[in-house]
Amino acid sequence: MAQARARLQHPAAWWLWGLGLATAASRTTNPAVLLLVIGVCVVVVDERRDPATPNPLPAFLVIGAVVVAFRLVMTAVLGNGIAGDTVVVTLPRIPLPDWAANVRLGGSVTLEALLYAAYDALRLAAILACLGAANALASPRRLLRYLPATLYDVGTAVVVGLTFAPQLLTDAREVRAARTLRGRDGRGLRETARLTVPVLETAFERSLGLAASMESRGYGRAVRSSDGSRRTATGLALAGLVGVLAGLYGLLDASAGGLLGLPVLLLGAVLAGASLLVGASRDGRSGHRRERWAWTETVTVAAGAVPAAVLVVASVQGWDGVVPSQRAELPALPLLAVVAVLVAAIPAWVTPHPREAAP
Amino acid sequence: MITFEHVSVQYAGAPAPSLHDVTLEIPEGELVLVVGPTGSGKSTLLRTVNGLVPHFSGGTLTGRVTVDGLDTAEHRPRDLATVVGLVEQNPTSTFVTDVVEDEVAYGMETMGLDPTTIRRRVEETLDLFGLTPLRGRSLRALSGGQQQRVAIAALFAAGPRVLVLDEPTSALDPVAAEEVLASLHRIVHDLGVTVVLAEHRLERVVHHADRVLLVDEGHVSELLDPADAMLRSQIYPPVVGLSRLVGWSPTPLSIRDARRKASSLREALGGATPATIADRRVIGPGASVVLDGVRVARGGRTVLDGVDLTVSRGSVTTLMGRNGAGKSTLLGAVAAQHRLSAGRVRLGAAATDPHATPARDRVRTVGLVPQQPEMLLYSDTVAGECAAADADFGAAPGTCRALLDRISGGIDADTHPRDLSEGQRLELALAVILSGSPEVLLLDEPTRGLDYGAKKRLGEVLAGLASTGTTVLLATHDVELAAEIADRVVILADGEVVTDGPAREVLSSSPAFAPQVTKVLLPQTWLTVAEVAGALARIA
């Protein structure tokens with residue numbers, strides 16, 4: 001499709017898309033569907049990533065892989081209470097005293113237990129991939145520009161945190177390298193403990209510098225109100241957010257009871273909306289090239305909502321293959337769910353190209 | 001525009017006030033240069049202008065600071081943002097967004113300007129600072145000079161009438177520094193912005209200044225004419241040193257003014273030739289650093305490509321080149337901090353391969369003082385740091401402390417290393433590394449934030465080490481330091497060695513890296529004021 005002009009999509013659209021896809025992933029343990037979700041994330045990020053910001057998706061994928069591997073090892077060693085007859089391998093069983101009779105260490109490892117663990121961990125990996133994709137498609141810093149003035153303090157904290165976390169890793173690497181300059185190889189528990197002080201000190205100094213810079217560049221100056229009323233608004237907004245999160249949790253986690261979820265979600269949304277309205281009326285900030293909400297944004301959100309809706313319905317109605325059995329067989333493939341997940345890949349081609357990175 | 005009335009600043013727990021009864025008035029449209037040794041209160045003075053001191057830093061401010069009629073006691077820094085912009089020393093730590101254009105727009109957004117105005121001013125500012133080709137680039141992918149220009153542009157775009165800059169060029173190569181200063185020059189001359197600027201590298205800025213403030217231990221002079229100030233100041237650039245030596249009046253501040261007065265000096269120096277390095281110390285025999293076809297890739301990019309380099313034992317070699325030319329990576333490769341993808345490195349008399357030697361033994365062969373010396377420091381007191389260094393390097397207790405006393409002008413043993421000035425921190429890190437008595441000493445950009453006094457001491461220490469057989473290799477942008485101490489200069493560009501030769505030859509023939517004394521006395525190739533003084537003494 002010919003694009004009139006390269007532009008960045010509204011970050012909220014990408015984040016809603018990512019959350020939709022994550023919702024879909026959270027309702028199934030079918031490995032084919034989950035792998036498809038990860039694939040869709042990779043394809044969309046590959047096509048429409050903002051080239052001016054670093055790509056966090058690979059890191060999220062690596063974390064996902066680690067989660068899966070860790071779950072498999074733990075299941076093999078400790079078991080997970082899934083009974084099965086297909087023994088893959090028998091590890092030497094380590095006898096434990098009576099008081100620990102419920103804990104098993106070693107012993108036979110069954111395929112059923114391994115499959116259960118793998119499917120479950122894969123679900124988490126897929127959710128992580130969705131978050132990573134949203135991060136890569138629209139940097140959280142861009143999303144923060146839309147944060148209402150009410151959440152000024154939270155916004156400062158988040159911006160500082162976003163700088164803090166990745167820099168912490170870089171600093172740790174540098175400090176460890178510097179450690180070798182003093183003849184230490186930087187391995188071992190004691191060495192690691194010695195690294196923490198310089199790493200944290202450097203990171204704190206950097207964060208203070210950023211906060212000072214934001215202060216002297218007028219961040220938050222538009223919020224002119226008494227401390228009391230600002231706190232009320234912030235409290236209202238936080239209560240709303242907690243409500244929305246709790247409600248979402250209730251809706252998504254079937255065991256918590258979907259019935260309670262919906263009213264809590266609605267109440268949270270109303271609270272949050274109210275606080276945002278209060279805050280927005282005092283918001284003196286303006287936008288430079290704020291992203292418009294065009295039809296492609298709507299398509300993007302819809303493309304994320306379709307798999308979410310289909311898989312929520314599927315899991316409630318218990319379609320075949322949505323929660324596959326742990327038997328050593330290929331799980332049934334819920335065709336509609338597969339199509340729904342594929343719909344989420346549409347934005348990779350219909351959305352505008354992001355800005356070009358100059359060479 | 002800016003007035004100080006009896007302003008004093010005292011930080012909690014500090015023995016003496018950082019600023020002492022400052023009264024002055026800075027008129028509109030002036031470029032004011034703040035000159036003073038490290039730790040003299042320059043940064044504090046700059047931060048009082050937009051209220052970061054004391055609103056953000058803590059401490060007690062007495063007296064009154066007003067900017068454009070606004071009292072900083074009543075207005076927070078964020079409310080003064082429309083009037084004052086503050087550019088910090090290290091621009092990367094102050095970026096709030098990811099992309100050049102967003103960063104330029106950020107300040108105006110928080111001020112609530114309307115989008116059409118923002119759009120117009122973003123375009124104007126990008127043009128004014130020559131950033132239009134970079135507008136979509138990630139801030140982290142820019143070179144140091146570009147980042148500094150973005151930081152200034154981002155503040156300037158918001159339309160402040162005062163810009164305050166803390167050492168805007170100290171981390172930059174000479175060419176990038178010129179770019180930044182040219183941008184500043186333009187906004188002062190064409191747009192009437194008042195600029196207050198602190199900088200250690202006076203040779204870069206003093207000829208741009210309209211007025212100079214001398215700061216010493218919290219005492220601030222009145223606004224001085226730059227030439228008069230340079231007569232009185234304890235720290236001055238080489239061109240002023242030359243003028244003091246020969247007794248030119250009025251004191252020339254730019255190369256051009258000095259050249260006009262220099263013809264008689266050139267005649268007087270006539271046939272004299274500068275002392276050669278061989279007169280100063282013995283170099284060699286043998287090579288201490290041998291690089292053979294070294295290639296290093298970092299983050300999927302080839303940073304060094306086929307570098308061959310041989311450095312004689314007991315010599316001082318400086319690596320120069322643009323920001324990002326691969327200087328730090330080369331030092332890192334020699335110190336086995338970066339893995340080689342091809343080639344080999346051999347060090348010292350025993351031709352040790354640092355990449356195949358465990359860290360514990362490697363420190364005897366090679367020591368590296370990194371760009372941020374604080375990365376080497378872990379303890380909470382200087383004394384503790386020295387004791388830890390003795391233990392790390394297996395040196396006799398007290399070794400590090402003795403080295404530190406020799407290098408530094410006296411550092412209190414109970415100070416926290418992070419509370420030391422930049423120069424003192426470097427001296428401590430150097431003492432730590434020297435505790436391992438390495439054959440090869442590497443220093444990465446050691447003069448950032450160092451005043452002339454600290455730089456002179458560092459030069460003497462390095463020359464002393466070289467004369468006892470230590471091989472010194474340092475990466476620096478500081479041409480004056482290179483002129484003082486280097487035997488040999490290697491210039492890198494795009495990961496390759498482009499020039500390699502005796503310091504005098506390389507420095508005097510390069511337009512970017514020629515020191516001030518050379519520029520004044522060309523075609524004669526004197527490098528430093530001390531050389532000229534020595535030659536004049538011999539003639540007389």
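Chain letters run A, B, ... following the sequence lines, proteins first, then strands; residues in each count from 1.
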I'd like to know which of B/Val87, B/Leu86, B/Val100, B/Leu368 tops the heavy-atom pair count under 4.5 Å against chain A.
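Most pairs with chain A among the choices: B/Leu368.
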
Find the one option among B/Arg362, B/Arg47, B/Met375 whose heavy-atom pairs under 4.5 Å with chain A are most numerous.
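Most heavy-atom pairs under 4.5 Å with chain A: B/Met375.
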
B/Arg364 meets the salt bridge (charged side-chain N to carboxylate O under 4.0 Å, His left out) criterion, sequence neighbours left out, with none

With sequence neighbours left out, what residues match A/Glu174 under salt bridge (charged side-chain N to carboxylate O under 4.0 Å, His left out)?
none

Considering heavy atoms only, which positions within residues 436-445 of chain B lie below 4.5 Å of chain A?
none

Check the pair B/Gln337 / A/Thr180 against side chain to side chain donor-acceptor pair (under 3.5 Å), numbers first and verdict last.
CA-CA 8 Å; B/Gln337 298 260 297; A/Thr180 64; 3.0 Å; yes

Checking heavy atoms, do the side chain of B/Ala336, its backbone, both or neither come under 4.5 Å from chain A?
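Contact with chain A: none, neither part.
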
If I measure from the heavy atoms of chain A, does B/Ile433 come under 4.5 Å with its side chain, its backbone, both, or neither?
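For B/Ile433, the contact with chain A is made by the side chain alone.
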
Does A/Trp14 reach the side chain of A/Val45, with side-chain heavy atoms less than 4.5 Å apart?
no

Within-4.5 Å side-chain heavy-atom neighbours: A/Trp17 and A/Val301
no

Over 12 foreign heavy atoms within 6.0 Å of CZ, B/Arg339:
no

Would you mind writing out the side-chain donor-acceptor pairs for residues 49-58 of chain B within the sub-3.5 Å range, not counting sequence neighbours?
unit_1, atom_1, unit_2, atom_2, d
B/Asn50, OD1, B/Leu52, N, 3.1
B/His55, NE2, B/Thr72, O, 2.7
B/His55, NE2, B/His75, O, 3.4

Would you kindly say whether B/Glu374 and A/Thr202 are connected by a side-chain donor-acceptor distance under 3.5 Å?
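On atom types as modelled, these side chains do not qualify, holding no pair under 3.5 Å.
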
Portion of A/Glu205 that has a non-hydrogen atom of chain B nearer than 4.5 angstrom
side chain

